[in-house]
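One structure below.
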Amino acid sequence: MKLQCVLAALCVGVGALAGKYTRELNEPKPSGGGSDGQTVEFRIAKLNQVWEKAKRLQLTPVQQSELHSDLKIQEKDELQWKKVKVEGLVENGEREAQLRRSFYVILAKYGMDGKRDTRPLESNHLKDHDTQEGDMFDDPRLDKLWNKAKISGKFSSEELLSLKREFQHHKDKTHEYNILMDTVSRTEEIHKNVISSLEGDAKEHMLHQKHTDLKQKMRDLNQGFERLRKLSHEGFTGDSEFREPRVIELWEAAKRTNLSEDDLDSLKEELRHFETKVEKHSHYQEQLELSHQKLRHVESLGDKEHIKRNQEKYETLAEKTREMGYKMKKHMQDLSNKISQEGLRHNEL
């Protein structure tokens, strides 16, 4: 009971908004829907609260789609954790703490943590041309590399687009890392109190693991920057395996393990299939934004029948994009876990 009280205090202490969402942590609403009779989107009440708030905010269609996918992944992980907990297989509170941190990261990523986000999140690459050329990536090092690459003559138009996607991905990864750092620093003292009832060794292990995770993410960012630096200076080579930044990131991580050539070849084939899925999802995101722009135009004309048809098309496309986004992110999560586990297994052999 004492531990539960401390956990409740943590949910309130991290932030007013986060506290609001965590009051109904892991409590699913009735399957019949909410008080307005509409079907709820998620089986966990706090995730529904986030989603309902997001729909009232001025998020782009692509941002809404990305948020929905992130919430679906969070839901899957939390329900999985609840099942393990019920079966009595939970050894310590670290998994619960990770889930709590990932939830706060989602809130901060989409500007729902009660703090003003000075960096506008823009996942719709169709609007890249509106960005000021001198400050495209919010990082002087990235901007310098990008500007050099553009005038180097080493890249075709298609290769420049691929390189730009890698730069944007690195920018987003840095933003997420900063959010996670802020989340960890704000909750660390409270987290120490939460696990104060544990034995000293277990407590130290949990705190050490949290910092180890952050250090690994920082190493990944540094390696990612080195790859961009090398690409900017040397250009793409003929043996470039993949085009999509998330796939490249997984492949680079796999090559840093001690996987055998056969295992790497098998993984490479799986990553090719995954890349197709990523590209298809990106295409649907583009179509979703275009559909939204068309809907806004039709609404300005006032033809109700025309509006209804375009609204239905837009909603169908939005649902399909969210579904594809969830499957793509789940697949990426599975691949990342697989690479980590296989790498550990081979290192132990």
Side-chain angles (χ1 to χ4, degrees), residues 60 62-63 65-66 119-177 217 219-257 264-265 267-290 321 324-325 328-329 331-332 335-336 339:
T60 69
V62 171
Q63 287 171 341
S65 175
E66 287 289 285
R119 171 195 177 277
L121 176 69
E122 185 52 78
S123 57
N124 175 19
H125 69 271
L126 293 178
K127 296 185 179 179
D128 281 344
H129 61 274
D130 294 332
T131 307
Q132 293 295 321
E133 288 295 314
D135 189 27
M136 181 173 288
F137 300 109
D138 298 333
D139 183 336
R141 297 186 308 164
L142 290 180
D143 289 326
K144 185 176 180 180
L145 284 180
W146 171 247
N147 289 326
K148 282 187 175 181
K150 282 194 304 180
I151 63 175
S152 67
K154 297 176 181 177
F155 301 93
S156 65
S157 297
E158 184 178 345
E159 286 174 337
L160 270 179
L161 287 175
S162 296
L163 183 63
K164 191 175 186 179
R165 287 201 299 271
E166 290 208 42
F167 272 75
Q168 182 64 50
H169 179 66
H170 187 84
K171 173 184 175 181
D172 293 340
K173 293 287 287 185
T174 302
H175 180 52
E176 290 181 14
Y177 174 81
K217 289 182 184 298
R219 281 194 293 268
D220 291 342
L221 282 174
N222 289 335
Q223 288 164 347
F225 178 79
E226 282 304 306
R227 170 181 165 78
L228 290 177
R229 187 187 62 78
K230 184 177 179 181
L231 273 178
S232 300
H233 285 85
E234 301 177 8
F236 287 97
T237 60
D239 60 351
S240 296
E241 300 288 349
F242 303 103
R243 299 174 301 275
E244 288 295 330
R246 281 170 286 196
V247 185
I248 293 169
E249 186 177 50
L250 290 170
W251 178 238
E252 293 295 324
K255 289 193 296 183
R256 290 194 295 269
T257 67
L264 281 174
D265 287 341
L267 179 63
K268 186 188 297 184
E269 188 62 29
E270 188 172 359
L271 286 173
R272 287 196 181 106
H273 291 298
F274 175 62
E275 184 170 58
T276 300
K277 187 178 292 185
V278 173
E279 290 173 339
K280 188 175 181 180
H281 177 241
S282 296
H283 172 73
Y284 268 80
Q285 285 184 320
E286 292 178 13
Q287 295 304 308
L288 178 64
E289 181 62 30
L290 291 173
T321 306
M324 291 181 63
M328 184 270 291
K329 290 188 177 184
H331 194 173
M332 183 173 178
L335 283 168
S336 181
I339 291 170

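We're numbering straight along the sequence, starting at 1.
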- Note on the structure: d(Arg246 CZ, Leu271 CG) to nearest 0.5 Å is 13.0 Å

- Query: Taking all non-hydrogen atoms of both residues, which atom of Gly325 and which atom of His281 are closest, and how far apart?
  - Reply: CA-NE2, 3.3 Å

- Item | Thr257 side-chain N/O to Ala253 backbone N/O, donor-acceptor pair under 3.5 Å | no

- Query: Are any non-hydrogen side-chain atoms of Leu228 and Trp146 less than 4.5 angstrom apart?
  - Reply: no

- Message: So does Met332 get a backbone contact from the side chain of Ser336, meaning a donor-acceptor N/O pair under 3.5 Å?
- Response: no

- Message: So, taking the atom named CZ in Arg165 and the one named NE2 in His169, what distance separates them when rounded to the nearest 0.5 Å?
- Response: 12.0 Å

- How far apart are the C-alpha atoms of Gln285 and Glu66, what are their side-chain angles, what is the distance that settles it, and do they pass the side chain to side chain contact (heavy atoms under 4.5 Å, CB included) test? CA-CA 9 Å; Gln285 285 184 320; Glu66 287 289 285; 3.0 Å; yes

- Item | Plane angle bin for His331 and Phe274 - parallel if under 30°, tilted between 30 and 60°, otherwise perpendicular | perpendicular

- Task: Measure the spacing between CH2 of Trp251 and CD1 of Ile339 and express it to the nearest 0.5 Å.
- Result: 9.0 Å

- Message: Can you confirm whether more than 12 heavy atoms, excluding those of Lys154, are under 6.0 Å from its NZ atom?
- Response: yes

- Item | Spacing of CG belonging to Asp139 relative to NE2 belonging to His170, to within rounding of 0.5 Å | 6.5 Å

- Message: I'd like to know whether Arg272 forms a side chain to side chain contact (heavy atoms under 4.5 Å, CB included) with Phe242, so could you lay out the CA-CA distance, the side-chain angles of the two residues, the decisive distance to 0.1 Å, and finally the verdict.
- Response: CA-CA 8 Å; Arg272 287 196 181 106; Phe242 303 103; 3.7 Å; yes

- Dump the intermediate steps for side chain to side chain contact (heavy atoms under 4.5 Å, CB included) on Met324 and Lys277, then the final yes or no. CA-CA 8 Å; Met324 291 181 63; Lys277 187 178 292 185; 5.9 Å; no

- Message: Looking at Lys230, I'd like to know if its NZ atom is crowded, meaning that more than 12 non-hydrogen atoms belonging to other residues, nucleotides or ligands lie closer than 6.0 Å.
- Response: no

- Can you tell me how far the NZ atom of Lys171 sits from the CG atom of Asp143, to the nearest 0.5 Å? 8.5 Å

- Message: Ignoring hydrogens and geometry beyond distance, is a side-chain donor-acceptor pair present between Asp172 and Gln168 at under 3.5 Å?
- Response: yes

- Item | Value rounded to 0.5 Å, distance of CG in Leu335 from CD in Glu249 | 12.0 Å

- Hey, mind stepping through Lys268 and Leu264 against side chain to side chain contact (heavy atoms under 4.5 Å, CB included) and telling me if it holds? CA-CA 6 Å; Lys268 186 188 297 184; Leu264 281 174; over 6 Å; no

- Task: Determine the minimum heavy-atom distance between Leu231 and Phe155, stating which atoms define it.
- Result: O-CZ, 3.2 Å

- Using a strict cut-off of less than 4.0 Å between a Lys/Arg side-chain nitrogen and an Asp/Glu carboxylate oxygen, indicate whether Glu176 and Lys173 qualify as a salt bridge. no

- Query: Which atom names give the shortest non-hydrogen contact between Leu160 and Ala149, and what distance separates them?
  - Reply: CD2-O, 4.3 Å

- Do other residues, nucleotides or ligands put more than 12 heavy atoms under 6.0 Å from Glu226 CD? yes

- Message: Between His233 (side chain only) and Arg229 (backbone N and O only), is there a donor and an acceptor less than 3.5 Å apart?
- Response: yes

- Which word best sums up how the rings of Phe137 and Phe167 line up, parallel for under 30°, tilted for 30 to 60°, or perpendicular for over 60°? tilted

- Message: Could you check whether any side-chain heavy atom of Leu163 comes within less than 4.5 Å of a side-chain heavy atom of Phe236, counting everything from C-beta outward?
- Response: yes

- Query: Distance-only, no hydrogens or angles: does the Glu275 side chain make a donor-acceptor pair with backbone N or O of Glu244 under 3.5 Å?
  - Reply: yes

